[in-house]
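To start, the structure itself, in structure tokens.
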Amino acid sequence: MSFPLLTATAALPALGAIATAAVPAARRTAAKWLALLVSVGTLALSAIQLVRFEPGGARYQLTESHAWIKDFGVRYELGVDGIGVALIGLTALLIPFIIAAGWHDADPLETNSSRWRPTQGFFALILAVEAMVVLSFEATDVFLFYILFEAMLIPMYFLIGGFGDRAHAQGDEAAATQRSYAAVKFLLYNLVGGLIMLAAVIGLYVVAGSFSLNEIAAARAGGSLHMATNTERLLFLGFFFAFAVKAPLWPLHTWLPNAMGEATAPVAVLITAVVDKVGTFAMLRFCLQLFPEASKWATPVIVVLAVISIIYGALLAVGQRDIKRLVAYASISHFGFIIMGIFAMTSQGQSGATLYMINHGISTAALMLVAGFLISRRGSRLISDYGGVQKVAPVLAGTFLIGGLATLSLPGLAPFISEFLVLVGTFSRYPVAGVVATLGIVLAALYVLVLYQRTMTGPVKAEVQGMPDLKVRELLVVAPLIALLIFLGVYPKPLTDIVNPAVRQTMSDVQKKDPNPVVEAAK
């Protein structure tokens with residue numbers, strides 16, 4: 001029996017979470033190092049997945065299949081395609097940086113020795129989220145995916161509600177209430193989406209007689225599975241609603257700014273760069289593959305909603321006074337691009353959307369983590385409380401600028417090629433949507449450059465005088481992310497070689513071909 005690599009990649013952080021939580025309270029430094037080593041080990045296993053994955057091979061590779069709940073046909077069934085293996089790599093890459101960036105975020109409060117923050121629990125919860133996200137990218141049984149889709153809400157709820165910035169933890173009851181509100185809102189929104197999805201999962205089993213993605217696809221291809229038009233559309237809407245909440249897509253987005261604003265910067269990165277990618281990934285794996293006709297039926301409305309997300313998120317980012325909420329609204333705009341690319345139903349759009357998931361994760365991590373370092377020094381998230389930071393902390397300002405330029409998709413940085421492909425793919429089929437969406441690029445330049453100008457340039461405010469520059473640990477967190485943004489901006493081929501075959505298979509599922517280019521006859 002071959003080594004179960006997919007199971008091992010998810011089991012390592014799961015076991016690491018249990019071990020980290022079990023470390024004695026007085027050994028919190030040991031718990032941190034254990035969590036970091038486990039995350040690095042998971043990264044090594046994900047790298048082995050990438051090495052063993054053959055882009056031109058079978059659709060799902062490194063597969064595992066075992067009986068789980070026989071009476072209901074539920075199986076523990078795993079497999080990765082090019083999109084899944086790339087997103088597992090993104091998740092495994094970011095978790096060590098998230099842990100290192102949050103090294104002191106759950107330390108005991110020195111000003112109040114009678115109140116302890118559960119350091120071990122903080123890092124154990126991060127590893128638990130990693131395990132569930134990785135396994136959700138691997139699951140090819142719909143019921144197994146649903147269990148993971150819902151289960152990851154529990155550790156995320158405690159990470160948002162239980163851990164805020166240092167000022168919040170020292171007795172600010174109003175801030176604690178806001179943090180609790182953000183956590184509950186996150187949980188309720190996603191639970192409602194999950195319950196609707198559960199009804200659709202049960203309906204799919206009634207119609208198809210199986211939860212296995214492979215079996216359902218084979219039955220459809222062989223002509224033994226026929227879904228009535230209305231049934232397929234209702235099932236599609238049940239799945240899509242849950243994924244649109246997770247993504248998040250306008251108007252189901254309102255939980256994200258609250259959650260990212262109240263969470264610590266590393267947890268905010270975990271939300272938008274890792275967990276939210278499960279929603280857009282599932283649109284590709286489940287919506288388009290299981291319900292191709294319904295996907296095409298809903299495409300015009302979804303494209304309109306995606307364009308609204310792009311413009312709406314960017315406009316609200318322009319008007320933000322809070323640094324973390326600005327990044328949150330910028331992410332809503334970026335997720336609009338991803339969803340628009342998926343449902344443009346072109347190979348360029350879907351390739352761009354997949355690359356966007358990865359590149360957005362890296363760029364948002366770089367920008368938000370540096371913002372977190374900045375906020376921890378000043379103790380404020382308000383943009384107006386900063387000014388002239390580049391004169392006292394030039395390295396911090398420089399890394400903040402590069403993260404911001406990546407967010408606005410500057411040519412030469414990784415997100416540019418993603419956004420370009422999404423727009424090209426959308427314009428070839430929906431030219432009006434493509435043209436309107438380009439306004440999001442202009443607005444992105446506005447909110448990023450205004451943010452940098454107001455925080456980093458101008459006279460040095462008294463409150464930032466003497467602000468220390470990035471420390472060695474912080475540089476070790478940010479520098480690799482920036483290097484990766486530059487590398488993938490100049491040479492994205494390693495990623496495109498992995499994801500393009502999976503995109504072609506998805507296009508085949510929905511029986512769509514790229515539009516022929518319009519060539520005017522020579523006069």
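Ser428 and Gln348 form no side-chain donor-acceptor contact under 3.5 Å, judged by distance and modelled atom types alone.
Side chain of Arg179 to backbone of Gly161: a donor-acceptor contact under 3.5 angstrom is found. Remark: the backbone N or O of Ile358 is not paired with any side-chain donor or acceptor of Lys277 at under 3.5 angstrom. Using a distance-only test at 3.5 Å, with no hydrogens or angles considered, no donor-acceptor pair links the side chain of Glu215 to the main chain of Phe211. Proximity of a side-chain donor or acceptor of Glu138 to a complementary backbone N or O of Leu78 within less than 3.5 Å is not detected. Remark: the backbone N or O of Ser347 is paired with a side-chain donor or acceptor of Ser351 at under 3.5 angstrom. The backbone N or O of Leu87 sits less than 3.5 Å from a side-chain atom of Thr91, completing a donor-acceptor pair. At distances below 3.5 Å, not a single donor-acceptor pair connects side-chain atoms of Thr272 with backbone N or O atoms of Val269. Of the possible donor and acceptor atoms, one in the side chain of Arg429 sits under 3.5 Å from a partner among the backbone N and O of Met345. Trp250 places no side-chain N or O within 3.5 Å of a backbone atom of Val307 that could act as its donor or acceptor partner. At least one donor-acceptor pair under 3.5 Å links the side chain of Thr399 to the backbone N or O of Leu396.
The closest side-chain heavy-atom distance from Ile383 to Asp322 is not below 4.5 Å. Residues Glu130 and Leu270 fail the side-chain proximity criterion, which asks for heavy atoms closer than 4.5 Å. Proximity of Ser136 to Tyr146: side-chain heavy atoms (C-beta onward) are nowhere separated by under 4.5 Å. Proximity of Pro415 to Leu485: side-chain heavy atoms (C-beta onward) are separated by under 4.5 Å at one or more points. Put simply, the side chain of Ile160 reaches to within 4.5 Å of the side chain of Ile271, judged on heavy atoms. Counting heavy atoms from C-beta on, the side chains of Met156 and Leu187 never come closer than 4.5 Å. For the pair Leu153/Lys246, a side-chain contact is recorded, criterion being any heavy-atom separation below 4.5 Å from C-beta on. Taking the side chain as every heavy atom from C-beta outward, Thr264 and Leu159 never approach each other to under 4.5 Å.
The two residues Ile332 and Gly313 come nearest to each other via the heavy atoms CG2-CA, 4.3 Å. Of all heavy-atom pairs between Ile338 and Thr280, the closest is CG2-CG2, 3.7 Å. For the residue pair Asp276 and Ala247, the shortest heavy atom distance occurs at CB-O, 3.4 Å. Taking both residues in full, the closest heavy atoms of Thr496 and Pro501 are given as O-CD, 4.4 Å, listed atom of the first, atom of the second, then distance. What you find for Asp141 and Ser212 is that their closest heavy atoms are OD2-N, 4.1 Å. Annotation for Val422 and Gly349: closest pair CG2-O, 3.9 Å, computed over non-hydrogen atoms.
One distance of note links CD of Glu419 with CD1 of Ile441; it measures 4.5 Å at 0.5 Å rounding. One distance of note links OG of Ser180 with NZ of Lys185; it measures 13.5 Å at 0.5 Å rounding. To the nearest 0.5 Å, atoms NE2 (His334) and CG (Asn359) are separated by 11.5 Å. A distance of 5.5 Å separates CD in Gln350 from OG1 in Thr506, rounded to the nearest 0.5 Å. Atom-to-atom distance recorded for Leu249:CG and Ile302:CD1 is 8.0 Å, nearest 0.5 angstrom. For the atom pair OG of Ser418 and CG of Leu413, the computed distance is 11.0 Å after rounding to the nearest 0.5 Å.
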request  = For the pair Trp255 and Val245, evaluate side chain to side chain contact (heavy atoms under 4.5 Å, CB included) and give the outcome as yes or no after the intermediate values.
outcome  = CA-CA 9 Å; Trp255 64 267; Val245 172; 4.0 Å; yes

message = If you apply the rule ring-ring contact (aromatic ring centres under 6.0 Å, His included), what do you find for Tyr312 with His253, and how did you get there?
response = CA-CA 11 Å; Tyr312 175 86; His253 67 284; 5.0 Å; yes

inquiry  = What verdict does the side chain to side chain contact (heavy atoms under 4.5 Å, CB included) test give for His360 and Tyr356, after you've listed the backbone C-alpha separation in whole Å, the side-chain angles of each residue and the deciding distance to 0.1 Å?
reply    = CA-CA 5 Å; His360 170 263; Tyr356 215 132; 3.9 Å; yes

task = Evaluate the side chain to side chain contact (heavy atoms under 4.5 Å, CB included) criterion for residues Phe137 and Val278: first the C-alpha distance (whole Å), next the side-chain angles of each, then the deciding distance (0.1 Å), finally the verdict.
result = CA-CA 7 Å; Phe137 289 140; Val278 176; 4.1 Å; yes

task = List the steps, then state whether side chain to side chain contact (heavy atoms under 4.5 Å, CB included) holds for Tyr329 with Arg325.
result = CA-CA 6 Å; Tyr329 280 110; Arg325 290 179 70 91; 3.7 Å; yes

request  = Test salt bridge (Lys or Arg N to Asp or Glu O under 4.0 Å) on Glu262 and Arg381 and set out the steps.
outcome  = CA-CA 10 Å; Glu262 300 304 323; Arg381 305 189 323 232; 3.6 Å; yes

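Checked options Phe343, Phe281, Phe335, Phe149; the residue passing with Phe243 is Phe149 (criterion: ring-ring contact (aromatic ring centres under 6.0 Å, His included)).
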Show which side-chain atoms of residues 448-458 pair as donor or acceptor with protein atoms under 3.5 Å away, not counting sequence neighbours.
{"from": "Tyr452", "atom 1": "OH", "to": "Gln390", "atom 2": "OE1", "distance (Å)": "2.8"}
{"from": "Thr455", "atom 1": "OG1", "to": "Leu451", "atom 2": "O", "distance (Å)": "2.7"}
{"from": "Thr457", "atom 1": "OG1", "to": "Gln453", "atom 2": "O", "distance (Å)": "2.5"}

In residues 189-208, what donor-acceptor pairs under 3.5 Å come from side-chain atoms, sequence neighbours left out?
{"from": "Tyr189", "atom 1": "OH", "to": "Thr254", "atom 2": "OG1", "distance (Å)": "2.7"}
{"from": "Asn190", "atom 1": "ND2", "to": "Phe186", "atom 2": "O", "distance (Å)": "2.8"}
{"from": "Tyr205", "atom 1": "OH", "to": "Phe72", "atom 2": "O", "distance (Å)": "3.4"}

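Contacts of Arg59 classified as salt bridge (Lys or Arg N to Asp or Glu O under 4.0 Å), with partners at least two apart in sequence or in another chain: Asp509.
Between Phe240 and Phe236, the two ring planes are parallel [angle under 30°; tilted spans 30° to 60°].
For Phe97, the CZ atom sits in a packed shell: over 12 heavy atoms of surrounding residues, nucleotides or ligands are nearer than 6.0 Å.
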